[in-house]
Amino acid sequence: MQMMRNFLIRKRGGGRMDITDILTYLYLLAGVLLMFGPVLWVVMSSFKSQAQLVEFPPRFLPYEQETVAVEGFDEPLPLFEVTIDGETRTLAQVRRVGIEAQMIDPNQPLATPGKPTQDEVIKVNIDDRTPVEKFALAWENYTDPLERFDFLTYLRNSVVVTVVATLITLIINSMAAFALSKYRFKGRQAIFVLIIATLMIPISVILVPVFLVITELNMNNTLWGVIIPGAATPTGVFLLRQYMLTIPDELLESARIDGATEWRIYWQIVLPLARPALAVLTIFSVMWRWNDFLWPLIVLTRQELFTLQVGLASFQGDLQTQWHYVLAMTVLTLLPITIVFAFLQRFITSGIATTGLKG
């Protein structure tokens, strides 16, 4: 922590601030705002009500109009500040008729509770009043979906798909990368080029053929139908192969001389040495599978099998979208990615930096 602090506050000019230091800090600040500003806006918007999300101009922090309980009224009345004859008063709105708001003084008891007389009603133009607001977080945006929708079921399905698919991806891609990087056989380069060439094929081109294969295997409406098609990825094979090329062949030859089998070399030597690249691929795989929407939407039609991304679509109706729920659940979907990144981020730099050292 002290090292990071010294790095952030050090100056090129020594004891005084140089113009390059100012420009550097401004550039870094702009980068931070550009990257994390939208995320902070989404988080704060997830605590706003439906009405606050559509108000203009929009505000960063969530606010809630204050109300007051008045004898004779079933519901609390909203409070407004109104300036009358140069005096600012806090009044409660009883009802609104067109552009006119009928208000009463909440501190003055009514002659008949719940039925203000003409003398007790203060008529104010709606443009001449200001809502009395306070900072408030709408926690119901998070609690209501847990009660009204199968959020926990969607979350469980997403966790199962992401974890199982990531493990299968790591095993298959690491095996392919090990063979392409450490074995010498005819057509090795052609196979590698063919694998990389599949990156140029748009996902929309293979959706129908893959769906037909899944249908023939009776994997529709199963989580395996979501997991299996994307198990092997050309990006993962390329990333791991390039990293494994940096592992000395002499190390593997020594293990063979000592009697180690190819499986033991792969499991106990190659995989531990390739941990940085495996960590990077883990982050990529978790992001791909957790955020995948199109393929699960095609394969799954039973609601109890929906993943979280498909389940979030249920908050969108034909005439109205419940954006306050969508934003709240979107924030929750960001948490697993953030946790995975926090644990594996130290491997990213070393994993990517050493990927292309040897061809």
Side-chain angles (χ1 to χ4, degrees), residues 8 25-26 28-84 86-96 99-109 122-149 151-152 155 308 312 315-317 320-339 341-342:
L8 292 175
Y25 283 121
L26 290 177
L28 293 176
L29 179 60
V32 170
L33 293 177
L34 183 63
M35 294 181 63
F36 294 100
V39 178
L40 291 177
W41 188 276
V42 170
V43 172
M44 298 310 299
S45 297
S46 68
F47 290 102
K48 297 179 181 179
S49 64
Q50 184 84 319
Q52 289 176 322
L53 290 174
V54 298
E55 68 178 7
F56 186 85
R59 291 183 291 182
F60 178 70
L61 296 177
Y63 289 93
E64 175 182 79
Q65 186 171 7
E66 294 191 23
T67 58
V68 61
V70 179
E71 183 182 4
F73 292 91
D74 297 332
E75 298 292 336
L77 302 180
L79 290 176
F80 294 86
E81 288 188 349
V82 180
T83 302
I84 302 176
E87 178 185 0
T88 301
R89 302 173 58 184
T90 301
L91 304 178
Q93 178 176 288
V94 177
R95 65 178 61 88
R96 173 182 168 180
I99 62 173
E100 181 184 84
Q102 298 181 2
M103 318 187 80
I104 60 173
D105 190 340
N107 298 320
Q108 298 293 332
I122 303 174
K123 297 181 180 180
V124 179
N125 189 289
I126 60 174
D127 295 330
D128 297 334
R129 58 182 187 163
T130 304
V132 178
E133 297 178 322
K134 63 179 179 180
F135 176 79
L137 301 177
W139 291 105
E140 60 271 14
N141 293 348
Y142 289 86
T143 58
D144 288 351
L146 298 180
E147 299 174 356
R148 298 168 51 189
F149 301 93
F151 178 80
L152 295 179
L155 178 62
L308 196 56
L312 284 177
F315 293 109
Q316 182 173 351
Q320 183 183 12
T321 301
Q322 298 171 305
W323 289 114
H324 53 312
Y325 292 150
V326 173
L327 290 173
M329 297 302 100
T330 300
V331 172
L332 290 182
T333 61
L334 294 176
L335 294 180
I337 301 295
T338 305
I339 295 173
F341 181 83

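- Each of Val42, Asn141, Val326 was scored for a side-chain contact (heavy atoms from CB on, under 4.5 Å) with Val331, with one residue passing: Val42.
- Inter-residue side-chain proximity for Leu91 and Asp105 is flagged as met; some heavy-atom pair is nearer than 4.5 Å.
- For the atom pair CG of Leu155 and CG of Leu332, the computed distance is 8.5 Å after rounding to the nearest 0.5 Å.
- Residue Ala92 comes nearest to Pro106 through the heavy atom pair N-CD, 3.9 Å, listed as atom of the first residue, atom of the second, then distance.
- At a threshold of 4.5 Å between non-hydrogen side-chain atoms, the residues Leu77 and Ile104 count as touching.
- Contacts classified as side-chain hydrogen bond (donor to acceptor under 3.5 Å, both in side chains) and involving residues 30-46 (residues at least two apart or in different chains) are given here: Trp41-Ser45, Ser46-Tyr142.
- Remark: Val132 engages Glu66, Leu79, Glu81, Thr90 in a side chain to side chain contact (heavy atoms under 4.5 Å, CB included) (not counting sequence neighbours).
- Scanning both residues, Phe80 and Gln65, for their nearest heavy atoms gives CZ-NE2, 3.1 Å.
- Note that CD of Gln50 and NE2 of His324 are 5.0 Å apart. Values are rounded to the nearest 0.5 Å.
- Within the model, atoms CZ of Phe135 and CG of Leu61 stand 5.5 Å from one another, a figure rounded to the nearest 0.5 Å.
- At most 12 non-hydrogen atoms from other residues, nucleotides or ligands lie less than 6.0 angstrom from CD1 of Ile99.
- Taking both residues in full, the closest heavy atoms of Pro78 and Thr67 are given as CA-CG2, 4.0 Å, listed atom of the first, atom of the second, then distance.
- Take Glu133 and apply the salt bridge (charged side-chain N to carboxylate O under 4.0 Å, His left out) test, not counting sequence neighbours, and it matches Arg59.
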